[in-house]
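All values derive from a computational prediction rather than experimental measurement. Computed over heavy atoms, backbone and side chain alike; hydrogens, waters and symmetry mates excluded.
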Amino acid sequence: MAQERTGVITFKGNPMTLIGPDVGVGQNAPDFKVVDTGLQPVSLGDSAGKVRLITSVPSIDTPVCDTMTRKFNEQAAQLPDNVEVYTISMDLPFAQKRWCGNADIDKVKTLSDYQERSFGENYGLLIKELKLLARAVFVIDAAGKIAYREIVPEVTDEPDYDAALAAVKKLV
């Protein structure tokens, strides 16, 4: 049975349960298997040797997730080629593709964890009650170690963009 953690996040003020381990700074980043908007598998190992900025959102079609992904897309345009920027949600790849096209998202790669939930479970971000991912930001260095982590305490709030981007810039 997967580990369950309480007291980490709320959703609209209501306490939620996270499934999976408490993955933190300094640890090796767990691998995962998700799919891109073309239903092709993507794992952490596919971007080995690069700095990764990975965000997770409950649903790309909600206002805060929309704002967050747009802001990281704008910033990603200013980052060097050795940085991969992913946004992972439980949304179906078709919905992600439609949303990215409508929002002109071209720097952030949207990925779906709907098939195996391996990202959510391996990073301790799967919300038991909602079967969605918690809002979080991870920065993983080129060697595969977690250099930065923010799990946003209230799912409907935005992350600390400046802190996440500063962590990326320290590594490039």
Side-chain angles (χ1 to χ4, degrees), residues 1-11 15-62 64-66 68-69 72-73 76 82-100 105 107-153 155 159 164 167-168 171:
M1 177 176 261
Q3 179 182 354
E4 294 187 2
R5 300 174 6 251
T6 58
V8 181
I9 66 163
T10 58
F11 180 74
M16 295 284 124
T17 305
L18 292 178
I19 297 174
D22 183 15
V23 178
V25 172
Q27 294 180 317
N28 288 326
D31 202 6
F32 54 81
K33 184 179 174 189
V34 294
V35 293
D36 66 16
T37 58
L39 296 174
Q40 296 304 303
V42 176
S43 71
L44 183 65
D46 293 340
S47 57
K50 292 187 173 192
V51 172
R52 279 71 50 103
L53 170 63
I54 300 176
T55 69
S56 65
V57 299
S59 177
I60 203 82
D61 276 322
T62 61
V64 176
C65 300
D66 177 293
M68 181 176 157
T69 305
F72 278 120
N73 189 67
N82 67 330
V83 178
E84 289 285 339
V85 183
Y86 298 150
T87 292
I88 303 175
S89 71
M90 296 295 279
D91 294 303
L92 293 176
F94 317 110
Q96 292 177 336
K97 186 174 184 176
R98 174 195 44 77
W99 182 86
C100 286
I105 301 298
K107 301 296 181 203
V108 171
K109 294 178 184 171
T110 54
L111 303 170
S112 177
D113 199 22
Y114 88 99
Q115 287 182 340
E116 297 186 23
R117 298 179 178 165
S118 70
F119 177 79
E121 290 179 355
N122 293 351
Y123 282 74
L125 299 173
L126 183 62
I127 302 171
K128 179 180 179 179
E129 295 83 356
L130 304 175
K131 305 301 185 268
L132 298 172
L133 298 179
R135 186 175 316 285
V137 180
F138 285 84
V139 175
I140 301 168
D141 69 18
K145 294 257 189 220
I146 297 172
Y148 174 85
R149 177 194 83 166
E150 178 188 11
I151 298 174
V152 180
V155 174
V168 170
L171 299 173

Using a strict cut-off of less than 4.0 Å between a Lys/Arg side-chain nitrogen and an Asp/Glu carboxylate oxygen, indicate whether Arg98 and Asp61 qualify as a salt bridge. yes
Can you measure from [atom1] ([X]) to [atom2] ([Y]) and round to the nearest 0.5 angstrom?
| X | Y | atom1 | atom2 | value |
| --- | --- | --- | --- | --- |
| Thr62 | Trp99 | OG1 | CH2 | 9.5 Å |
| Phe119 | Tyr86 | CZ | OH | 11.0 Å |
| Thr37 | Phe94 | OG1 | CZ | 10.0 Å |
| Met16 | Thr10 | CE | OG1 | 8.0 Å |
| Met90 | Leu133 | CE | CG | 6.0 Å |
| Asp91 | Leu111 | CG | CG | 11.5 Å |

With heavy-atom distances below 4.5 Å as the criterion, would you say the side chains of [X] and [Y] are in contact?
| X | Y | value |
| --- | --- | --- |
| Val85 | Lys109 | no |
| Ile151 | Arg5 | yes |
| Pro58 | Val155 | yes |

Under the criterion side-chain contact (heavy atoms from CB on, under 4.5 Å), I'd like the reasoning laid out for Gln115 against Lys33: C-alpha separation, chi angles, the key distance, then a yes or no. CA-CA 9 Å; Gln115 287 182 340; Lys33 184 179 174 189; 5.7 Å; no
Minimum heavy-atom separation for [X] and [Y], please, with both atom names.
| X | Y | value |
| --- | --- | --- |
| Val25 | Arg149 | CG2-N, 3.8 Å |
| Arg135 | Val57 | NH1-CG1, 3.8 Å |
| Leu92 | Tyr114 | CD2-CD1, 3.6 Å |
| Pro93 | Leu39 | CG-CD2, 3.5 Å |
| Gln27 | Val23 | OE1-CA, 3.1 Å |
| Gln96 | Ser89 | NE2-OG, 3.0 Å |

Is it the case that the side chain of [X] and the backbone of [Y] share a donor-acceptor pair, with hydrogens and angles ignored and the cut-off at 3.5 Å?
| X | Y | result |
| --- | --- | --- |
| Ser56 | Ile88 | no |
| Tyr123 | Pro30 | yes |
| Glu121 | Ile19 | no |
| Arg52 | Leu44 | yes |
| Asp113 | Ser118 | yes |

Working note: Ile127 + Thr17, criterion side-chain contact (heavy atoms from CB on, under 4.5 Å); need CA distance, chi angles, decisive distance, verdict. CA-CA 6 Å; Ile127 302 171; Thr17 305; over 6 Å; no
Neighbour count >12 (heavy atoms, 6.0 Å) for atom NZ, Lys128: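 At most 12 heavy atoms, drawn from other residues, nucleotides or ligands, come within 6.0 Å of this atom.
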Do other residues, nucleotides or ligands put more than 12 heavy atoms under 6.0 Å from Lys50 NZ? yes
Carefully, step by step, assess Met68 and Val152 under the rule side-chain contact (heavy atoms from CB on, under 4.5 Å). CA-CA 12 Å; Met68 181 176 157; Val152 180; over 6 Å; no
Pair Asp31-Asn122, side-chain contact (heavy atoms from CB on, under 4.5 Å): steps then yes or no: CA-CA 7 Å; Asp31 202 6; Asn122 293 351; 5.6 Å; no
Would you say the side chains of Thr87 and Thr110 form a donor-acceptor pair under 3.5 Å?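 Note: Thr87 and Thr110 side chains miss the donor-acceptor criterion.
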